[in-house]
Amino acid sequence: MATAPQEAASGPGLPQLDFTTFGNQIFWLAIALVATYFILSRIALPRIAAVLAERQGSITNDLAAAEDLKAKAVEAEAAYNKALADARAEAQTIIAQAKAEIKADLDKAMAKADAEISARAAEGEKKIAEIRANAMESVKAVAKDTAAEIVAAMGGKADGRTVTAAVNARMKG
Amino acid sequence: MATEAQGAAEGGLVFHPMDQFMVKPLFGDGAVGIFTLTNVTFWMALTVLAIFGLLVLGTSGRATIPTRTQSIAELAYDFIRKMVEDVAGKDGLVFFPYIMTLFLFILFANILGLLPMAFTTTSHIAVTAVLAMLVFLTVTIVGFVKNGAGFLGLFWVSSAPLPLRPILALIEVISYFVRPVSHSIRLAGNMMAGHAVIKVFAAFAPMIVISTGIGLVVTPLSILAISTIYALEVLVACIQAYVFTILTCVYLKDALHPHH
């Protein structure tokens, strides 16, 4: 019994084709659309645009700052490398200098030692020569005495001069 | 209520898949006048409130690192803005707030309409026709204001052989005027069909109360069908909002750059 008025209200078929409700729907739709449009264009969209722009800005800034820091790091690395190279070069000079000094000292000491050695050798040679000369003299004296004794023993009379000449001649030969 | 009583009295299933689309006054049982507060008013108000909630309250923090709600609002903003820029061109960005309004209104009306017991405002041809006519009028007016008579070049396909051009022009003119019709009926039809199908399956769901034997099979099946179609309808709700919006952008492109 209640279906009759309802069917009358909604028409024979689709509620969508019930033209009596069109005015109502269009009226409220217009209000809803205008309200939405104003909410969006006055508040929401500018706000979101600002937020997005701000984010973009801070991202750009951060990237620039990062780029700066990176450049600084590269600079620091270069400075470090340079300091290292300088230190190395300095160390090399110091080493070369020390080497040269040591070599000079060494050379000096060597020269001194050489001189001392040659001096000693010369002295030694001189002593040897002396000793040899002494020995020669002694041999000559002994040979003369021996020769004179031998001649005497054989019954001859040894003339000193002849003996000395004979001994000298033998020793030379 | 009366119809349900009647159906129960007959001891059969109650099929009223179209009842959900009826425009009813919120208070009382009177006729629906232009200014009557109806379920249309209620659900459109909810739509506007939802848009307000997402795009205004959601972004009230203005955070550089967004909250979840704010990032959804930003996503929607970027999505539509990019669409307008890509499809309609840079000079189409003037219409961005307008297109955003259309998109959000349709999207939220569609999604809110999926709530159980809800009324889907976008399932009504009266609503979608107004939306489509707004687009049609905007495109036509902007086209003539920007290009003058050159806008008619839209119908004159200069790349076609000369003898074919008048025929093509006729077809182009017809298709131009059919645009708002297809534009509006596509949206309303999609919404209406899905909701009606859900309602039909819902009518089968209480079968188990009427007849236990058949109901054991039919009730789970219909509940499964409702769930499946509901998921599909969520997809359709978003896709139809997207389709309506991108078509608006395409039509706007015609108005701004009428030459093929």
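Below, chain A is the first sequence line, B the second, and so on; all start at residue 1.
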B:H124 and A:Q25: side-chain donor and acceptor closer than 3.5 Å? yes
A:K82 meets the salt bridge (Lys or Arg N to Asp or Glu O under 4.0 Å) criterion, sequence neighbours left out, with A:D86
Is there a side chain to side chain contact (heavy atoms under 4.5 Å, CB included) between A:I26 and B:V127 once you walk through the steps? CA-CA 6 Å; A:I26 292 169; B:V127 171; over 6 Å; no
May I ask you to name which of A:L33, A:I59, A:I43 has the most heavy-atom pairs under 4.5 Å with chain B? A:L33
To the nearest 0.5 angstrom, please state how far the [atom1] atom of [X] sits from the [atom2] atom of [Y].
X	Y	atom1	atom2	value
A:Y37	B:M100	OH	CE	13.0 Å
A:T36	B:L102	OG1	CG	9.5 Å
A:Q56	B:T64	CD	OG1	12.0 Å
B:I80	A:L40	CD1	CG	11.0 Å
A:R47	B:Q70	CZ	CD	9.0 Å

So which of [options] has the biggest tally of heavy-atom pairs under 4.5 Å with chain A?
options	result
B:L104, B:V32, B:T59	B:T59
B:D78, B:T41, B:V48, B:V40	B:T41
B:A109, B:G33, B:A31, B:G58	B:G33

Of the backbone (N, CA, C, O) and the side chain (C-beta and beyond), which part of A:A50 lies under 4.5 Å from a heavy atom of chain B, both, or neither? neither
Other residues, nucleotides and ligands only: do more than 12 of their heavy atoms fall within 6.0 Å of [atom1] on [X]?
X	atom1	result
A:F27	CZ	yes
B:D29	CG	no
A:F38	CZ	no
A:M136	CE	no

Compare all side-chain heavy atoms of A:L14 with those of B:M192 and state whether any distance is below 4.5 angstrom. yes
Is it the backbone or the side chain of [X] that comes under 4.5 Å from a heavy atom of chain A, or both, or neither?
X	value
B:S60	both
B:L134	side chain
B:Y77	side chain
B:A188	neither
B:F105	side chain
B:I51	side chain
B:Q20	neither

Side chain to side chain contact (heavy atoms under 4.5 Å, CB included) assessment of A:I31 paired with B:M44: CA-CA 9 Å; A:I31 289 181; B:M44 281 189 182; over 6 Å; no
May I ask you to decide if [Y]'s main-chain N or O and [X]'s side chain share a donor-acceptor pair within less than 3.5 Å?
X	Y	value
B:E74	A:I48	no
A:R55	B:I65	no
A:N24	B:T38	no
A:W28	B:W43	no

Partners passing side-chain contact (heavy atoms from CB on, under 4.5 Å) against A:I150 (at least two apart in sequence or in another chain): A:T146, A:M154
side-chain contact (heavy atoms from CB on, under 4.5 Å) partners of A:E149, counting only residues at least two apart: none
Non-hydrogen contacts under 4.5 angstrom with chain B: give the residues of residues 62-81 of chain A involved, or none if there are none. none
A:F22 and B:I125: which non-hydrogen atoms are nearest, and at how many Å? CZ-CG2, 3.7 Å
For A:I39 and B:V56: C-alpha separation, side-chain torsions, deciding distance, then whether side chain to side chain contact (heavy atoms under 4.5 Å, CB included) applies. CA-CA 8 Å; A:I39 289 172; B:V56 176; 3.6 Å; yes
